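The model shown is predicted, which means the values in this text are computed figures rather than measured ones.
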Amino acid sequence: MAKFEISPNFQISRRKFLTAASLGASGIMLSGCDAFDSQLSIGSGLRSFLENANGLTYRAQRLLAGRDALAPEFTEADIRQPQRPNGVTAPDDDTYKGLLANNFADWRLEVSGLVEKPLSLSREQLQNMPSRTQITRHDCVEGWSCIAKWTGTPLSQVLDQAVVKPQARYVMFHCLDTIDRSLSGDIKYYGTIDLIDARHPQTILAYGLNGKPLPVENGAPLRVRVERQLGYKMPKYLYKIELVDGFANVGGGRGGYWEDNGYDWYGGI
């Protein structure tokens, strides 16, 4: 039987198609202003209405769920399959390939921006910090879910060590995987969460999966787990955390790669 490979560009186009389709078929449409704008050429008035509805959804979820509400956790008996990889599963990046060839011995997590004490942490240093293990369900915007056990350093531990400045409002994650290419250069994956979710006890910088080191296809050497949000809010191949007071001047100004392409910024579940 012939073997067919799906190119990264096809995967990206497929996700954009799924975005537009799901937005038109359900209440998620309130969060997909960019997808509607490009697909249906909506007017500025409707676009503004949809963006305001997105903000209302975010505030409603915060009110109903609370700042510290936990996502459901499961037992090892509930783990019935390996964690399904998604998106980029083998970064085509020379820097990443060099780090991988040396088993990430030279990799560092940089913590910068609005902090008093910028950090440069090795994987070993992160592993020597207090850790958290949780068995949770990964929910993908494409409609599938998977239960797995994640181990990592609570993000709050890193933020405390860096001493976040009072004006910081968001954590921005910078990654090594090329998610798109344009005439102006490669676009690396990035995303943001607010400090409420950043300091949530289940938000961890994961280096372990199902009792083993995090595999490349799932984001090695480090990925984010934000268990109250959809999968695209959990960046992989992490190399830098930046504390910022806003993100209007980054990318399309909506706080993340997929958000710039029509996805909801909050992505709560």
Side-chain angles (χ1 to χ4, degrees), residues 1 3-19 22 71-74 76 78-101 103-104 107 109 123 126-127 133-153 155 173-181 186-191 193 202-240 256-259 261 263 267 269:
M1 180 180 295
K3 181 178 179 181
F4 296 91
E5 295 184 356
I6 300 176
S7 71
N9 288 337
F10 177 83
Q11 292 178 349
I12 291 171
S13 299
R14 177 173 177 268
R15 287 195 73 162
K16 289 181 179 177
F17 169 78
L18 288 170
T19 303
S22 64
E73 295 194 19
F74 301 86
E76 294 205 6
D78 296 308
I79 302 174
R80 299 192 176 100
Q81 65 186 81
Q83 173 63 32
R84 178 175 172 176
N86 64 304
V88 174
T89 57
D92 184 17
D93 177 274
D94 289 339
T95 299
Y96 183 85
K97 290 177 179 178
L99 293 168
L100 175 62
N103 194 29
F104 302 109
W107 172 89
L109 175 67
R123 186 167 57 169
L126 285 168
Q127 292 171 340
T133 295
Q134 56 203 28
I135 301 175
T136 53
R137 187 182 65 216
H138 180 104
D139 291 299
C140 181
V141 71
E142 292 182 345
W144 57 265
S145 62
C146 190
I147 293 173
K149 180 169 69 173
W150 303 92
T151 299
T153 305
L155 178 54
F173 303 108
H174 298 273
C175 307
L176 287 168
D177 51 326
T178 300
I179 189 68
D180 207 347
R181 288 183 166 88
D186 292 349
I187 300 174
K188 302 294 186 184
Y189 197 89
Y190 85 97
I193 59 175
Q202 290 174 313
T203 299
I204 64 174
L205 303 174
Y207 47 73
L209 173 60
N210 291 334
K212 298 179 180 179
L214 186 67
V216 168
E217 60 266 26
N218 296 115
L222 197 71
R223 74 169 299 164
V224 188
R225 295 298 305 174
V226 190
E227 302 298 353
R228 301 192 299 179
Q229 294 178 307
L230 290 165
Y232 66 89
K233 298 297 295 185
M234 308 187 201
K236 302 180 295 184
Y237 313 111
L238 188 62
Y239 79 95
K240 184 168 76 171
Y257 173 79
W258 285 114
E259 291 88 331
N261 286 278
Y263 281 37
I269 53 176

TODO: Would you check, one step at a time, whether the test side-chain contact (heavy atoms from CB on, under 4.5 Å) holds for D78 with I135?
DONE: CA-CA 9 Å; D78 296 308; I135 301 175; 5.6 Å; no
TODO: Go through R181 and I187 one step at a time and tell me if the side-chain contact (heavy atoms from CB on, under 4.5 Å) criterion holds.
DONE: CA-CA 6 Å; R181 288 183 166 88; I187 300 174; over 6 Å; no
TODO: Could you check L222 against L126 for side-chain contact (heavy atoms from CB on, under 4.5 Å), going step by step and ending with a plain yes or no?
DONE: CA-CA 10 Å; L222 197 71; L126 285 168; 3.8 Å; yes
Open item on the list: salt bridge (charged side-chain N to carboxylate O under 4.0 Å, His left out), that's the test. Do K149 and E73 meet it? Break it down for me.
Closed with: CA-CA 9 Å; K149 180 169 69 173; E73 295 194 19; over 6 Å; no
- [ ] Could you give me the CA-CA distance, side-chain angles and deciding distance for R137 and C146, then say whether side-chain contact (heavy atoms from CB on, under 4.5 Å) is met?
- [x] CA-CA 5 Å; R137 187 182 65 216; C146 190; over 6 Å; no
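Looking only at distances, no side-chain donor or acceptor of E259 sits under 3.5 Å from a matching main-chain atom of G191. D177 places no side-chain N or O within donor-acceptor distance of the main-chain N or O of I179, the cut-off being under 3.5 Å. When atom types are taken as modelled, the side chain of R228 and the backbone of T203 share no donor-acceptor pair closer than 3.5 angstrom. Distance alone, capped at 3.5 Å, places no donor-acceptor pair between the K236 side chain and the V216 backbone. A donor-acceptor contact shorter than 3.5 Å is absent between the side chain of T178 and the backbone of K188. Between the side chain of Q229 and the main chain of I269, no donor-acceptor pair closer than 3.5 Å is present. At least one donor-acceptor pair closer than 3.5 Å links the side chain of W107 to the backbone N or O of L238.
In plain terms, the two heavy atoms of L176 and P91 that are nearest each other are O-CB, 4.3 Å. Nearest heavy-atom pair, K240 versus L109, reported as atom, atom and distance to 0.1 Å: N-CD1, 3.9 Å. Between D92 and K97 the shortest heavy-atom distance is OD1-NZ, 3.0 Å. Among all heavy-atom pairs drawn from Q83 and A148, the shortest one is OE1-CB, 3.4 Å. The two atoms that bring Y237 and V88 nearest to each other are OH-O, 3.2 Å, heavy atoms only. Of all the heavy atoms in V226 and M234, the pair that sits closest is O-CE, 3.0 Å.
For the atom pair CZ (R123) and CG (L214), the distance works out to 9.0 Å, reported to the nearest 0.5 Å.
Classified by interplanar angle (parallel below 30°, tilted 30° to 60°, perpendicular above 60°), the ring pair Y232/Y263 is perpendicular.
Each of Y96, Y207, Y239 was compared with F104 under the ring pair (Phe, Tyr, Trp, His ring centres under 6.0 Å) criterion, and only Y96 meets it. Of the options T133, L209, N210, a side-chain contact (heavy atoms from CB on, under 4.5 Å) to W150 is made by L209 and by none of the others.
In summary, the side chains of H138 and R84 do not present any donor paired with an acceptor at a separation below 3.5 Å, with no hydrogens or angles considered.
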